[in-house]
Amino acid sequence: TAAACLYSHFAFPGAMVWDMSMGYGGRILGAIISDINYIGTDPAEKTFKGLQEIKKDFGKSERHYFLNKCGSEGFQPKEESLDFAFTSPPYFSTEKYNEGGECMEDQSWHKFSEYESWRDDFFLPVSINSFKSLSKTGHMFINIMDPTIKGKRYRSCDELVDELQDNFVGQIGMRIMQRPQGRAKFKTKEELDEFMNKLYIENIWCFSKVEKDYFKHSRMETLEKWLA
C-alpha cells in the first residue's frame with residue numbers, strides 16, 4: 001500500500017502513527033506490514049467493524065492497534081505521542097462516506113455541511129491537532145485535493161499550508177487509478193474502459209517538526225538555479 005511505502009521511509013519499527021480518517025483499511029494494513037503501532041479514528045459503524053476484522057486476522061501480537069469509532073475532531077492524542085501521522089480525509093462533500101448508513105450523522109460532510117464550517121471545525125483543527133501531537137522529530141502527511149462543488153473550487157490545500165507554513169516541507173505525488181465513474185458519462189463501454197485505465201496523480205502534503213529534505217535524492221534542479 002501507499003501507506004506501507006511511506007511508513008518504511010519516514011517511520012521505524014515500533015513507531016506510533018495516527019490515521020485520522022481510517023477509511024477502508026489501506027493504512028492499517030500498511031502499519032501491519034511495516035511493523036508499527038497504529039491509532040485510527042473513523043465514525044462509520046460498518047467500516048469500523050471491517051477494520052476490527054483486519055486487526056483480528058492480520059494484526060501482530062507484539063504491536064498495538066487502537067481503533068476508535070469516532071470522528072477525529074473529537075480525539076486528542078497525548079502530547080508528543082506520535083512519530084508519524086498520515087491520512088486521506090474526506091474531500092468535503094465530494095466524498096460522502098457512509099451516506100445512508102448507520103451513524104451517517106457523525107460523518108464530517110454531514111456534521112459540517114457548509115465548506116467554511118467543515119474547514120474551520122474539522123479539517124484544519126484535526127490537522128493542527130495531529131501536528132501538535134507529533135514527537136520532536138515527527139512527520140505529518142495529508143493526502144487531499146481541492147474539492148470542487150457546483151463548479152466552485154475550494155482551496156483546502158492552500159489553507160492547510162497557510163496554517164502550517166513554517167513546517168511545510170513539500171509535496172509527494174501519489175499515483176492512483178481513476179475513481180469509478182457512472183456509465184452514463186460515456187457513449188460506449190470502450191470509452192469507459194479507456195478512461196478507467198488511466199492513472200493520475202494526487203498530492204500528499206508533507207509537514208515535519210524537523211528540517212528535512214525529503215527530495216534530495218530525486219531533485220534534478222533547484223528553482224533558484226533554473227531561474228538564474
Side-chain angles (χ1 to χ4, degrees), residues 1-91 95 97-98 101-103 106-108 126-127 129-144 169 172-177 179-180 199 201-210 212 214:
T1 67
C5 178
L6 294 173
Y7 296 152
S8 68
H9 282 83
F10 301 105
F12 52 87
M16 180 63 75
V17 304
W18 182 23
D19 175 7
M20 298 84 86
S21 298
M22 287 191 289
Y24 300 122
R27 287 178 291 277
I28 187 175
L29 284 172
I32 293 169
I33 293 168
S34 304
D35 194 28
I36 58 179
N37 300 298
Y38 175 91
I39 301 171
T41 44
D42 199 292
E45 178 70 29
K46 188 174 181 179
T47 300
F48 183 76
K49 290 179 180 178
L51 293 165
Q52 288 181 310
E53 290 298 313
I54 291 176
K55 171 184 174 179
K56 176 182 176 182
D57 292 343
F58 303 107
K60 298 178 180 179
S61 59
E62 66 272 22
R63 296 297 175 215
H64 302 287
Y65 311 99
F66 302 105
L67 308 185
N68 303 273
K69 196 182 81 64
C70 64
S72 50
E73 70 276 12
F75 185 79
Q76 178 63 59
K78 294 181 180 178
E79 186 176 351
E80 295 189 6
S81 63
L82 307 175
D83 300 296
F84 191 70
F86 173 49
T87 201
S88 181
Y91 299 3
E95 297 183 318
Y97 290 107
N98 197 37
E102 189 175 355
C103 302
D106 294 329
Q107 293 290 324
S108 67
V126 167
S127 301
N129 180 34
S130 176
F131 188 79
K132 288 181 177 179
S133 300
L134 293 174
S135 69
K136 294 178 180 179
T137 58
H139 313 278
M140 180 180 77
F141 287 9
I142 305 291
N143 165 223
I144 192 169
V169 179
I172 296 175
M174 181 173 66
R175 189 174 70 173
I176 60 178
M177 300 294 292
R179 298 176 186 275
L199 298 171
I201 302 295
E202 285 196 351
N203 289 329
I204 298 176
W205 303 84
C206 308
F207 304 87
S208 179
K209 285 285 187 77
V210 295
K212 187 176 180 65
Y214 294 153

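- Summarising the geometry, atom CG belonging to Leu29 is positioned 9.0 Å from atom CG belonging to Leu51; distances are rounded to the nearest 0.5 Å.
- Closest of all the heavy-atom pairs between Pro43 and Gly71 is CB-N, 4.0 Å.
- In the displayed structure, Lys132 atom NZ is contacted under 6.0 Å by at most 12 heavy atoms of other residues, nucleotides or ligands.
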Worked verdict on Ile54 versus Ile32 for side-chain contact (heavy atoms from CB on, under 4.5 Å): CA-CA 10 Å; Ile54 291 176; Ile32 293 169; 4.2 Å; yes
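- A salt bridge links Lys49 with Glu45; the closest basic N to acidic carboxylate O contact falls under 4.0 Å.
- Between the OG atom in Ser135 and the CZ atom in Phe84 there is a gap of 11.5 Å [rounded to 0.5 Å].
- Within a 6.0 Å sphere centred on CD of Glu79, other residues, nucleotides and ligands contribute 12 heavy atoms or fewer.
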Candidate pair Leu67 and Gln52, rule side-chain contact (heavy atoms from CB on, under 4.5 Å), full reasoning: CA-CA 8 Å; Leu67 308 185; Gln52 288 181 310; 4.2 Å; yes
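- In plain terms, the two heavy atoms of Ser208 and Phe131 that are nearest each other are O-CZ, 3.7 Å.
- Side-chain atoms of Met22 and Phe48, non-hydrogen and from C-beta on, do get closer than 4.5 Å to each other.
- Rounding to the nearest 0.5 Å gives a distance of 11.0 Å between CD1 of Ile33 and CD1 of Ile28.
- Contact between Gly23 and Asp42 at its shortest, heavy atoms only, is N-OD2, 3.0 Å.
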Result block: side-chain N/O donor-acceptor pairs under 3.5 angstrom for residues 5-18, not counting sequence neighbours:
unit_1 : atom_1 : unit_2 : atom_2 : d
Ser8   : OG     : Ala4   : O      : 3.4
Ser8   : OG     : Cys5   : O      : 2.6
His9   : ND1    : Cys5   : O      : 2.9
Trp18  : NE1    : Thr41  : OG1    : 3.3

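- Judged purely by atom type and a 3.5 angstrom limit, Asn129 uses its side chain to pair as donor or acceptor with the backbone of Phe75.
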Step-by-step side-chain contact (heavy atoms from CB on, under 4.5 Å) determination, Asp19 to Ile39: CA-CA 6 Å; Asp19 175 7; Ile39 301 171; over 6 Å; no
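- Taking CD1 of Ile144 as the start and OG of Ser127 as the end, the distance is 7.5 Å to the nearest 0.5 Å.
- Atoms CG and NZ, on Asp35 and Lys60 in that order, are 4.0 Å from each other to the nearest 0.5 Å.
- The closest side-chain heavy-atom distance from Met174 to Phe141 is not below 4.5 Å.
- Note on ring orientation: taking the six-membered ring where Trp is involved, the planes of His64 and Phe66 are parallel (angle under 30°, cut-offs 30° and 60°).
- No donor-acceptor distance shorter than 3.5 angstrom exists from the side chain of Arg27 to the backbone of Met20, with no hydrogens or angles considered.
- Side-chain contact between Asp83 and Ile36 is absent, with no heavy atoms from C-beta onward closer than 4.5 Å.
- Looking at Asn143, its side chain does come within 3.5 Å of a backbone N or O of Asn203 through a donor-acceptor pair.
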Derivation and outcome, side-chain contact (heavy atoms from CB on, under 4.5 Å), residues Met140 and Leu82: CA-CA 10 Å; Met140 180 180 77; Leu82 307 175; over 6 Å; no
